[in-house]
Protein chains: 2
Amino acid sequence: MMKNNSHPASKGEFKSKNLVAERKRRIRLKERIYALRVLVPKITKMSKATTLDDAVDYIKELQNQAMKLQDELLMLPYEAGDCEGSVASTEEEKPLLNCKEEVCVTLIDANELHIKITSKETTNGFFILIDLLSNLGFEIVDINWFVFKGVTTGMICVEGVDAAVKAEDLRKLLPETIKAIRMISVD
Amino acid sequence: MMKNNSHPASKGEFKSKNLVAERKRRIRLKERIYALRVLVPKITKMSKATTLDDAVDYIKELQNQAMKLQDELLMLPYEAGDCEGSVASTEEEKPLLNCKEEVCVTLIDANELHIKITSKETTNGFFILIDLLSNLGFEIVDINWFVFKGVTTGMICVEGVDAAVKAEDLRKLLPETIKAIRMISVD
DNA sequence: ATTAACACGTGAATC
DNA sequence: TGATTCACGTGTTAA
């Protein structure tokens with residue numbers, strides 16, 4: 001290659017002022033094309049247009065692949081995809097369960113109890129509460145519990161004989177915490 | 001915009017024969033740039049060079065993402081291997097959770113642990129496991145747990161310093177139960 | 001007025 | 001050879 005080097009002005013005079021700027025621009029564009037060529041694995045032809053074509057196809061392919069992989073991960077029992085904003089811990093000293101926790105106990109029937117929790121504390125109270133439920137002889141049927149932006153939300157469904165009296169025991173054991181013990185009438 | 005339309009030859013004569021071909025080529029190139037602009041989500045400026053720049057960055061980003069997702073998926077076949085011929089390490093303290101429970105512990109990062117449980121037992125093991133996690137200094141971030149037709153399914157996400165060594169502690173405390181401890185690479 | 005970004009026509013090189 | 005691809009200098013437009 002020996003392309004034009006001496007054509008427009010054999011002695012160095014040029015009319016345009018943006019000549020060098022345009023040269024820079026061309027170089028910049030060319031280099032971006034090269035960068036794409038390096039990145040894209042399938043290059044069908046060493047030409048600008050086809051390089052861009054390949055880049056377009058490759059991006060589409062990558063997008064599809066990413067979608068597919070993400071779907072596969074979502075099929076798993078659970079996955080790490082949305083664990084991004086990972087819970088900045090907010091480590092303070094934890095009081096016992098008489099803090100700002102709000103616990104609502106609902107007596108479903110003679111053997112079943114629903115416990116709803118909302119709290120600004122994190123998880124220390126969880127262990128205490130679970131320990132209490134264990135000592136009271138309950139069995140865990142259903143738990144949904146998560147901490148988001150420092151706010152804990154939990155629902156626990158437990159089963160055990162004499163749930164009504166055990167609910168009152170809970171009220172005694174968590175006097176500052178239990179906001180309400182409700183009854184739900186069942187036949 | 002009214003760019004050059006009548007400049008070189010006021011009456012339609014042109015010197016070059018590849019004039020129209022060059023026009024087509026320019027149009028083709030421009031359209032590829034537009035195609036990239038459509039595909040790339042982050043466009044910092046409406047200019048050719050910067051569009052190519054954004055495309056380059058986006059491809060790199062997609063490649064990284066795809067690699068990461070694929071790595072996560074490749075961790076899966078690893079799961080069943082560890083527990084089978086397992087280390088008949090003679091003198092271990094007897095398992096606390098020696099039932100038919102299957103526990104899979106996944107180390108998300110240095111501070112985060114995911115625990116997956118499927119079991120034919122009901123809830124007795126739950127209290128033991130929660131107690132262990134409490135004693136190990138973990139905090140509960142997320143729990144999803146339910147019992148359906150006698151089969152327990154649970155997912156627990158805990159947080160705590162030195163999750164890696166604590167995961168090994170869990171393996172020692174639940175030797176018959178822990179099926180696998182997986183690693184998920186994160187940066 | 002200065003600059004950056006384009007589109008244009010053209011000649012040369014490549015296939 | 002034709003057809004493609006490229007690089008170049010220039011004029012024009014908008015910020």
Length of the line joining [X]:[atom1] and [N]:[atom2], which is rounded to integer Å:
X	N	atom1	atom2	result
Leu19(A)	dC8(C)	CG	C1'	15 Å
Asn18(A)	dT2(C)	CG	P	13 Å
Arg25(B)	dC15(C)	CZ	P	15 Å
Lys17(B)	dG2(D)	NZ	P	9 Å
Glu22(A)	dC8(C)	CD	P	13 Å
Arg28(A)	dA4(C)	CZ	P	8 Å
Arg32(B)	dC6(C)	CZ	P	18 Å
Arg26(A)	dC8(D)	CZ	C1'	5 Å

Counting only side-chain N and O atoms of [X], is one of them less than 4.0 Å from OP1 or OP2 of [N]?
X	N	result
Lys48(B)	dA4(C)	no
Arg23(B)	dC8(C)	no
Lys30(B)	dA7(C)	yes

Are Met46(B) and Val40(B) joined in one hydrophobic group, where the rule is that I, L, V, M, F, W and Y side chains link up if heavy atoms are under 4.5 Å apart?
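Shared cluster, yes.
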Looking at five pairs on each end of the helix from dT2(C)-dA15(D) to dC15(C)-dG2(D), what is the angle between the two axes, given to 10 degrees?
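End-to-end axis angle for the helix from dT2(C)-dA15(D) to dC15(C)-dG2(D): 10°, rounded to 10°.
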May I ask you to decide if [Y]'s main-chain N or O and [X]'s side chain share a donor-acceptor pair within less than 3.5 Å?
X	Y	answer
Asn18(A)	Ala21(A)	no
Lys166(B)	Val161(B)	yes
Thr50(A)	Lys45(A)	yes

How far apart are the closest heavy atoms of Leu36(A) and Val56(B), and which atoms are they?
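The pair with the smallest heavy-atom distance is CD2-CG2, 3.7 Å.
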Closest approach of Leu39(A) and Tyr58(A), non-hydrogen atoms and distance?
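Heavy-atom minimum between the residues: O-CE2, 3.9 Å.
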Using a strict threshold of under 4.0 Å (side-chain N to carboxylate O), is an ion pair present between Arg28(A) and Glu31(A)?
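Judged by the 4.0 Å cut-off on N to carboxylate O distance, Glu31(A) and Arg28(A) do not form a salt bridge.
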Which part of the nucleic acid, if any, lies within reach of Lys24(A) when heavy atoms closer than 4.0 Å are counted: base, sugar-phosphate only, or nothing?
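Here Lys24(A) touches no strand at all.
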